[in-house]
Amino acid sequence: MRPPRRPPADPVVAALVRAQSARVSRRSVLAAGAGSAGLAALLAACGTGGTPSGQASGPVEDRSEQEKLVRWANWTLYLDYDEEAQSYPTLERFTEETGIEVDYAEDIEDNDAYYGKIQGQLANGQDIGQDLITLTDWMAARLIRLGYTQELDKANIPNAANLLASLQDVSFDPGRAHSLTWQSGLGGLAWNKAQVPNGVRTVSDLWAPELKGRVEVLSEMRDTVGLIMLDQGVDVAGDWGDDEFFAALDVLEQQIASGQIRQVKGNSYAEDLVSGDALAVIGWSGDITVLNFENGENWEFALPEAGGTLWSDNLMIPVGSPHKANAEALMDYYYDPEVAAEVAAYVNYICPVEGAREAMEAFDPSLVDNPLIFPDDATLSRAKVFRALSPDEETTYNDAFQSVIGN
């Protein structure tokens with residue numbers, strides 16, 4: 001088995017290092033100012049409030065001993081993959097070490113769409129067909145608040161102690177009773193370097209006439225609307241309300257109606273960059289790095305001059321999962337610093353595991369100073385975490401956003 005794919009010298013990194021005045025994330029929500037507070041403060045902010053309303057049903061029988069299986073739903077391009085062998089090296093080693101088979105599925109296109117698929121079963125305490133799911137902070141907060149997740153047995157996850165100190169206690173899951181951070185990342189701009197030689201440095205650059213019908217934006221409200229708000233001078237981590245949100249939404253609606261925006265998508269926007277249907281996008285940092293490695297150095301990613309968004313995704317065990325102990329064993333495995341470093345070398349998102357940077361020295365020294373994986377304060381100073389929304393705000397803003405994008 002060859003080593004997992006590793007990104008080459010990355011134009012994303014070069015752009016970020018040159019910039020020194022704007023930067024960082026992938027799907028997120030929440031709280032407190034970002035500024036130049038550093039990784040700890042930024043990542044600690046990634047969460048939303050809410051009080052759990054109780055479990056959707058009684059305890060589920062754990063069949064982990066009888067059924068050596070764990071089923072994991074994740075986003076695309078979010079785990080180390082060997083193209084030649086068509087396998088996930090770290091998953092294969094987990095099975096070799098534990099005897100637990102992993103049914104891994106890239107089932108999550110965006111948070112809302114996935115929630116729509118599983119909400120009914122979760123509400124009834126039923127097995128959704130997955131033992132581990134990976135959702136962004138604001139959606140994780142919703143599931144935990146509604147009692148749709150099982151409480152973790154930390155005795156089965158000793159490596160949970162390796163989670164960065166700033167992530168050990170978040171507002172939406174005090175003490176990390178129900179979730180652990182998988183990766184954090186950045187929302188920003190990406191473009192085809194050959195077709196858009198001057199690049200896009202602001203969100204407004206996406207509305208250039210020559211890009212009409214070749215622009216795509218994310219179906220994650222906090223990234224797409226958040227970046228437009230930043231472009232309009234709004235601090236999305238600060239104090240804002242309906243006026244600011246709907247002013248940004250009006251811009252999105254106008255650009256969709258005019259045909260400037262080709263489509264609003266989740267992770268599948270990457271396919272349209274490869275096909276050439278999309279030339280410039282609001283996208284996620286790690287996706288672009290992986291696309292460049294797989295398809296040639298055709299795209300560039302940068303945070304807009306006004307700043308980008310910062311988010312985190314979280315591993316959780318759904319309320320109806322019958323393989324809880326197996327899911328916890330898999331979680332424990334991925335918080336080993338050496339395993340975390342191997343994953344980080346592939347996905348190129350911000351690694352949440354203490355000791356992974358040191359482990360990267362042995363695995364791939366060229367990535368130790370990669371600001372997309374181990375960001376410095378200059379990088380983080382350009383990132384903003386979309387502030388926490390109240391339940392009423394979340395409903396109002398999300399409904400309005402879904403109406404505009406046609407969902």
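Here, residue 1 is the first one in the sequence, and each next residue gets the next number. When reading the values below, keep in mind they use all heavy atoms of this one structure, side chains included, and skip hydrogens, waters and symmetry mates.
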Carefully, step by step, assess F386 and W240 under the rule ring pair (Phe, Tyr, Trp, His ring centres under 6.0 Å). CA-CA 11 Å; F386 200 94; W240 54 267; 5.3 Å; yes

Would you call K117 and D112 a salt bridge, taking side-chain N to carboxylate O under 4.0 Å as the test? no

Work out which heavy atom in G308 is nearest to a heavy atom in L227; give both atom names and the distance. CA-CD2, 3.7 Å

Considering non-hydrogen atoms only, spot the tightest contact between V339 and T90 and give its length. CG1-CG2, 4.2 Å

Any side-chain donor near an acceptor of the partner, S87 and D82, under 3.5 Å: no

Which of these, K68, E67, E328, sits in a side chain to side chain donor-acceptor pair (under 3.5 Å) with H323? E67

For R176, is there an ion pair with D169 - N to carboxylate O distance below 4.0 angstrom? no

Candidate list Y78, F94, Y81, test ring pair (Phe, Tyr, Trp, His ring centres under 6.0 Å), partner Y88, passing option: Y81

Determine the sole option in T149, T134, D173 for which the side chain to side chain donor-acceptor pair (under 3.5 Å) test with S179 is passed. D173

Kindly determine whether T136 and D313 satisfy side-chain hydrogen bond (donor to acceptor under 3.5 Å, both in side chains), including the steps that lead there. CA-CA 4 Å; T136 307; D313 294 320; 2.7 Å; yes

Charged N-O contact under 4.0 Å between R71 and D131: yes

Could you check whether any side-chain N or O of R357 sits under 3.5 Å from a backbone N or O of C351, counting only pairs where one atom can act as donor and the other as acceptor? no

In sequence, state the C-alpha distance, the side-chain angles, and the governing distance for D336 and E342, and then conclude on side chain to side chain contact (heavy atoms under 4.5 Å, CB included). CA-CA 10 Å; D336 178 289; E342 187 169 345; over 6 Å; no

Looking at G188 and P304, what are the two nearest heavy atoms and their distance? CA-CD, 4.0 Å

Between S321 and Q130, the two heavy atoms sitting closest are CB-O, 4.1 Å

Salt bridge present between E393 and R387 (N-O < 4.0 angstrom): yes

Assess whether atom CD of Q66 is packed by more than 12 heavy atoms of other residues, nucleotides or ligands within 6.0 Å. yes

I'd like to know if D235 and K384 make a salt bridge, using a cut-off of under 4.0 Å between side-chain N and carboxylate O. yes

Test side-chain hydrogen bond (donor to acceptor under 3.5 Å, both in side chains) on D287 and Y349; report intermediate values, then the result. CA-CA 9 Å; D287 290 349; Y349 285 112; 3.1 Å; yes

Between N314 and L135 (side chain of the first, backbone of the second, donor and acceptor by atom type, cut-off under 3.5 Å), is there such a pair? yes

Could you tell me whether the side chain of D153 and the main chain of A155 form a donor-acceptor pair under 3.5 Å? yes

Electrostatic pair K324-E151, nearest N-O below 4.0 angstrom: no

Counting only heavy atoms not in E338, do more than 12 fall under 6.0 Å of its CD? no

Is the Lys NZ or Arg CZ of R145 less than 6.0 Å from the centre of F172's six-membered ring, within 45° of the axis? no

Is it the case that atom CD in Q86 sees more than 12 heavy atoms from other parts of the structure closer than 6.0 Å? no

Report the C-alpha separation of R262 and E216 in whole Å, then their side-chain angles, then the decisive distance to 0.1 Å, and conclude whether the salt bridge (Lys or Arg N to Asp or Glu O under 4.0 Å) test is met. CA-CA 6 Å; R262 178 179 180 272; E216 293 188 0; 2.6 Å; yes

Can we say K265 and D272 salt-bridge, meaning some charged N sits less than 4.0 Å from an Asp/Glu carboxylate O? yes

Any idea which heavy atoms bring G147 and V319 closest together, and the distance? O-CG2, 3.9 Å

Using the ring centroid of each side chain, check whether W72 and W182 are separated by less than 6.0 Å. yes

Tell me whether T224 contacts the main-chain N or O of L218 through its side chain, where contact means a donor paired with an acceptor under 3.5 Å. yes

For N295 and L291, indicate whether the former's side chain and the latter's backbone hold a donor-acceptor pair under 3.5 Å. yes

